[in-house]
Number of protein chains: 2
Amino acid sequence: MAKERVTVIDIARAAGVSKSTVSLVLQGSPLVNEATRAKVNAVIRELGYVYNRSAANLRQAKSKIIGIVVNDLTNSFFAELAVGVDAVVQSAGFVQFLANTGEKSERQREVIASMREHGVSGLIISPARGTEAADLAPLVESGIPVVLVVRDIAGAGVSSLISDNRAGALAAVRHLIARGHRRIAFLGGFADTAVFEARVRGYRDALREAGLKAGDDLVVGSAPSRAGGVTAIEQAMMLEDRPTAALCFNDAVAFGVCDGLRARRLEPGADFAVIGFDDVIEAKTAVPALTTVSVDPQGMGERAAELLLKQIKAGRAEPEAIVSPVRLVIRQSCGAAVERRMKEVSS
Amino acid sequence: MAKERVTVIDIARAAGVSKSTVSLVLQGSPLVNEATRAKVNAVIRELGYVYNRSAANLRQAKSKIIGIVVNDLTNSFFAELAVGVDAVVQSAGFVQFLANTGEKSERQREVIASMREHGVSGLIISPARGTEAADLAPLVESGIPVVLVVRDIAGAGVSSLISDNRAGALAAVRHLIARGHRRIAFLGGFADTAVFEARVRGYRDALREAGLKAGDDLVVGSAPSRAGGVTAIEQAMMLEDRPTAALCFNDAVAFGVCDGLRARRLEPGADFAVIGFDDVIEAKTAVPALTTVSVDPQGMGERAAELLLKQIKAGRAEPEAIVSPVRLVIRQSCGAAVERRMKEVSS
DNA sequence: CTTAATAATTGGAACGTTCCAATCTCGTCA
DNA sequence: TGACGAGATTGGAACGTTCCAATTATTAAG
């Protein structure tokens, strides 16, 4: 069944032209006559020709593949990021090579190597935990454009696109304070990441400027997952002086916190205010709808892809460090919307 | 900065051997002397050589790439499926090319074509809605191994791996009936899909065998998402004779149904029984933990990958249609576990 | 009618690898 | 000593495309 491979030469023979002409047609060159173009295209369709990109790549150095490596595909934040990237990459005529590292740096090394071997013309990386500048050094030295997303790596010397984590946390906690909360926790996340550090910094700054003290017992780390959120809130509720509100490391944790709250017969939004981070799609439709710091993962993916494409086109651009603004979207889980809605109804 | 590409010839020259020897080393051939192998490897590291897979692919027809195309990456079911595939594919020395079609068959055509051009040696496809056998025809004629997952396509003539949707729904609804429910709804999903059809069939069969009538008003379709679940339950609760339990099209819908229930001050698991389908990771940690039909997406991905690998190795195998067994995992959202837990406590 | 310019087409080299058949180097055995 | 075979190594052809310079066909200008 597996028929002989049809090549450009077969097409040429069948169409009565040279292989060069066929090649020209394939690349949509304006040099070729309309009639022959039509003829060639017809033969191509007829013989079921499939373009051999390996051969093309071999000849010309550029590959039309861009790679994206994420640290946790099962986290919908990254899945959305990937579809954002895919959208723009695709429409630019590139194809996306996606790999998941599962936070393992060994695995990350492998997939990056593999992508290099396949000749990707650019790479978008959301680095695994613990990735250092040295790990990326061979890659950046090779001159392949790289943009880091979500997590920046100091001294890597490549472009990065991260969200303004400190500002987001600051805004969220200010909001909580404005609504009268005094005991505010920071829940979830691994303490050894830059993202965690930035978010906690914003949290602390907000408390400080309100003259509240930021005790260490109120920031409790955990896995940045739904399950982690459950354990984090449980731990926080063991404190003798319990918090009445929490900013969570991300939305997954926030959902877990809501779950944990309910398990203790506390209604999130009414009895306890919770704010997430990321604005995953489900945040809007959850009940109560999650108040969260919107970082628009899909949009971030799009911007990262655009940045990368720009660098690919430019050959070798100066690395830029973009910090993407962030905004607090107030929904129901922090209690604000409930109040507001009641006001609306009564007016 | 972008240095000259170092090739196998450069290595050969630097190591004082021929390019053939270097090639042999690269492929780990046992033919080459240990000393020269070490020498060559040292030079490879020293010069920062990166293997050019395009060139290799050109020479030998096999490519070490397998492609996976999913219809909705933002649905964590598919994200997990993809990581399952990735795990086995990777350990077999292949690399995974992942693309997302977003349910658009035009897009699906493009990505499949692109993968063919890159010379994938096999393809795992979770087809977009509305994909027909004819759409896949050119692909299967080319003789490249394909396995369809999640959704089968009649007459496509390729292997498929789907879960036993009817049996799962049957078991779930039987359980609901055994717990005394009489008004049971089927919520969510697009009615024009085979998966929907099979699940509803199981649902109907269970009702019928219990002598319950399966009114059409109790099956309400919607988008297979969290938001869809919210609207579906809302619609179901408009009925004058309200259901007291529901089997949902998938877990995302089930979560939405829980949300919708809470919005009406009904506690899922206590006031209304809900069962999902898929057993996404969050199902276990949600509150209440979701009773669901476990299809183990990650395991399914692994099995699909193994099947594909087997076919790739075998050259051209007979298409197999595997239906993967499924099991009802009883947690809290159907009310059963609550009862059981109380019993445990009292004993 | 010649020449120049333009439009289309073309053959061959090149890309970096693998494969094949051929060669070289030993040590061993008769 | 010569023949043999095993172990290592090697040169060159091939894979399917693109690029370049060259060629041919066509049209316009003089």
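By convention in this document, chain letters (A, B, ...) are assigned in the order of the sequence lines, proteins followed by strands, and residues within each chain are numbered from 1.
- Salt bridge A/Glu103/A/Arg151: present, at least one basic N to carboxylate O contact under 4.0 Å.
- For the pair B/Val17 and B/Gln60, both in contact range of DNA chain D, the more 5′-proximal nearest nucleotide belongs to B/Val17.
- Taking the nucleotide of DNA chain D with the nearest heavy atom to each of B/Leu58 and B/Leu24, the more 5' of the two is matched to B/Leu24.
- Not one N or O on the side chain of B/Asn57 forms a donor-acceptor pair closer than 3.5 Å with the backbone of A/Ser54.
- In this structure, A/Phe97 and B/Phe97 have parallel ring planes: the angle between them is below the 30° cut-off, well short of the 60° mark.
- Ion pair A/Glu306/A/Arg303 not flagged as a salt bridge, since none of the NZ, NE, NH1 or NH2 atoms sits closer than 4.0 Å to an Asp/Glu carboxylate oxygen.
- Looking at heavy-atom distances under 4.0 Å, A/Thr36 makes contact with sugar-phosphate atoms alone, never a base.
- Side-chain nitrogen and oxygen atoms of A/Thr21 include at least one within less than 4.0 Å of the OP1 or OP2 phosphate oxygen of C/dT10.
- Ion pair A/Lys104/A/Glu110 not flagged as a salt bridge, since none of the NZ, NE, NH1 or NH2 atoms sits closer than 4.0 Å to an Asp/Glu carboxylate oxygen.
- For B/Phe77, the ring-ring contact (aromatic ring centres under 6.0 Å, His included) test picks out no residue, with sequence neighbours left out.
- Nucleotides of DNA chain D lying under 4.0 Å from heavy atoms of chain B occupy a range whose first and last members, 5' to 3', are D/dA8 to D/dG16.
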